[in-house]
Chemist: 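Take a look at this one; I'll ask things after.
The basis for the numbers below is simple: all heavy atoms, side chains too, and nothing from hydrogens, waters or symmetry mates. Along the sequence shown, residues are numbered consecutively beginning with 1.
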Amino acid sequence: MIRVLGIIAAVALSFTAVFAGEWPSKPVRLVVPFAAGGAADTMGRLYADALTAAFGKQFYVENRVGGGGLVGTESVARAEPDGLTLTVSGIPTHVLGPAMNKNVGFDAMRDFTHIAYFGGTPNLLIVHPSLGVASYRDFLALARHAGGIEYVSAGFGTMGNWIAEKIKLVHVAYKGGGQAVLDLLAGHVKVGMLTWSTVGEHVRAGRLLPLATTSGQRLAYRPDVPTLRELGHAEFVATTWYSLSGPAGLAPDIVESANREVVNALERPQLKRHIEQDALETKAMSPAEVTRFMQSEIDRWTPMITRLLGAK
């Protein structure tokens, strides 16, 4: 009897190995819960291309917007754990959004399998030149005199949204950074809090002026821009980071395979160019490490946001 059970177990393990080795057997949908053109979309498309090349099966991006990224994220939490539906996760959807809205419809840890770390990019407080300010302190003085200034971010619950709430600006929500920057460039709204990867080319061209950054130290490519920590906001040393996640219950072999190819993608020339161009901060993490990192960010930001929202 024991021998029979052993044979059955061996066959089952063999079947599992064959199944996992065939993943993905079909095209994989990568849900980006923000509109095209922003940091999440850019990151998702870069890694989708890399995973397509690695596995020989199409990884295609689906932009499913709404609720500051929460609509698309919830749809993945409810998807079948077959490895054919994944999402660009990260600090906007799994940390800040749930901290600012307790009714998001999912649990950031319980309802997901966290697979790999994509990378992060600093946020910039930027203004349209027509606003007529050249420094952060001039900007604050104008904001106080004007009784509040409207600003754009990639959406509710994003890092740009939260930081600017702390500075007491008036939020104009968009469904993604790509859409927000268009109105900013046109001068319809004069202020933005967006990622470097979204606005960097416009800053370099002088179409937008940077006043402050959320990086821990001044950026090597713009050392003239002070950090928010220097300006009295020590709590806002942060990057807008993104990762790869799927529904809870993904098979370990699928998780390991996807993680391995995300890490390998960091050596691809195309991705390296974007890392340098968009000032992306990348790091190879195992599934266990990215899961612990996700939890640590939740533990860091949730009490702060709860406290500050309660004081409003």
Side-chain angles (χ1 to χ4, degrees), residues 31-34 38-40 43-44 66-79 81 86-123 153-166 171 173 193 195 214-216 228-229 233-250 255 258-259 262 280-312:
V31 175
V32 173
F34 295 98
M43 198 102 50
L70 301 181
V71 171
T73 301
E74 183 179 4
S75 74
V76 176
R78 308 294 173 233
L86 305 176
T87 188
V88 175
S89 51
I91 193 168
T93 54
H94 285 70
V95 180
L96 301 181
M100 297 177 75
N101 178 6
K102 302 303 182 184
N103 300 311
V104 295
F106 59 82
D107 184 283
M109 300 303 294
R110 184 185 63 238
D111 295 334
F112 293 89
T113 302
H114 299 301
I115 300 168
Y117 183 72
F118 280 168
T121 179
N123 288 267
S153 79
F156 175 81
T158 62
M159 182 65 73
N161 170 207
W162 176 243
I163 291 171
E165 285 293 320
K166 179 68 167 59
H171 190 214
M193 181 66 80
T195 63
T214 65
S215 54
L228 280 172
R229 178 165 62 183
H233 303 288
E235 66 272 33
F236 291 126
V237 176
T239 61
T240 294
W241 57 267
Y242 295 99
S243 50
L244 178 66
S245 300
L250 282 183
V255 175
N259 176 272
V262 167
L280 299 178
E281 299 173 7
T282 60
K283 180 181 179 181
M285 290 190 191
S286 69
E289 287 171 333
V290 74
T291 301
R292 287 194 295 269
F293 175 69
M294 180 80 75
Q295 184 63 64
S296 71
E297 288 284 88
I298 292 171
D299 293 342
R300 174 193 177 192
W301 288 99
T302 300
M304 183 194 309
I305 291 173
T306 300
R307 182 176 65 255
L308 292 176
L309 286 178
K312 289 182 70 175

Chemist: How long is the straight-line distance from CE of Met285 back to NE2 of His114, given to the nearest 0.5 Å?
Modeler: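 Rounded to the nearest 0.5 Å, the NE2-CE separation comes to 12.5 Å.
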
Chemist: Over 60° means perpendicular and under 30° means parallel, so classify the ring planes of His94 and Phe112, tilted if in between.
Modeler: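 Plane angle over 60°, so perpendicular.
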
Chemist: Distance from Thr240 atom OG1 to Met193 atom CE, nearest 0.5 Å?
Modeler: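 Thr240 atom OG1 to Met193 atom CE measures 9.5 Å (nearest 0.5 Å).
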
Chemist: Can you tell me how the ring of Trp241 sits relative to the ring of Tyr117, calling it parallel under 30°, perpendicular over 60° and tilted otherwise?
Modeler: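 Plane angle between 30° and 60°, so tilted.
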
Chemist: Hey, could you give me the CG/CG distance between Asn101 and Leu96, rounded to the nearest 0.5 Å?
Modeler: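 That separation rounds to 12.5 Å.
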
Chemist: If you take all heavy atoms of Leu244 and Ala258, which pair is closest and at what distance?
Modeler: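 Where Leu244 meets Ala258 most closely, the heavy atoms are CD2-CB, 4.4 Å.
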
Chemist: Please check this pair: side chain of Thr113 against backbone of Gly249, looking for a donor-acceptor N/O pair closer than 3.5 Å.
Modeler: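 Yes, the answer is positive, given that a donor and an acceptor are paired below the 3.5 Å cut-off.
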
Chemist: Tell me, with the steps shown, if Val95 and Ile298 meet side chain to side chain contact (heavy atoms under 4.5 Å, CB included).
Modeler: CA-CA 5 Å; Val95 180; Ile298 292 171; 4.0 Å; yes

Chemist: For the atom pair CD (Glu297) and OG1 (Thr302), what is the distance rounded to the nearest 0.5 Å?
Modeler: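 Going from the CD atom of Glu297 to the OG1 atom of Thr302 covers 10.0 Å.
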
Chemist: Decide whether Thr87 and Ser245 meet the rule of one side-chain donor and one side-chain acceptor closer than 3.5 Å.
Modeler: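 Per modelled atom types, Thr87 and Ser245 side chains form no pair under 3.5 Å.
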
Chemist: For Val88 and Phe34, what are the C-alpha separation, side-chain angles and deciding distance, and is it a side chain to side chain contact (heavy atoms under 4.5 Å, CB included)?
Modeler: CA-CA 9 Å; Val88 175; Phe34 295 98; over 6 Å; no

Chemist: Rounded to the nearest 0.5 Å, what separates atom OG1 in Thr214 from atom CZ in Arg229?
Modeler: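 Going from the OG1 atom of Thr214 to the CZ atom of Arg229 covers 11.0 Å.
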
Chemist: Output yes when a side-chain donor or acceptor of Ser89 lies under 3.5 Å from a complementary backbone atom of Ser243, and no otherwise.
Modeler: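 Judged by distance alone, yes, a pair lies under 3.5 Å.
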
Chemist: Enumerate, atom names and distances included, each donor-acceptor pair closer than 3.5 Å involving a side-chain atom of residues 67-78, sequence neighbours excluded.
Modeler:
unit_1 : atom_1 : unit_2 : atom_2 : d
Thr73  : OG1    : Gly69  : O      : 2.7
Ser75  : OG     : Gly72  : O      : 2.6
Arg78  : NH2    : Gly105 : O      : 2.1

Chemist: Yes or no on side chain to side chain contact (heavy atoms under 4.5 Å, CB included) for Ile115 and Leu86, after CA distance, side-chain angles and deciding distance?
Modeler: CA-CA 10 Å; Ile115 300 168; Leu86 305 176; 4.0 Å; yes

Chemist: Suppose the criterion is salt bridge (Lys or Arg N to Asp or Glu O under 4.0 Å): which pairs have a residue in residues 241-250, not counting sequence neighbours?
Modeler: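 Passing the test, one end in residues 241-250: no pairs.
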
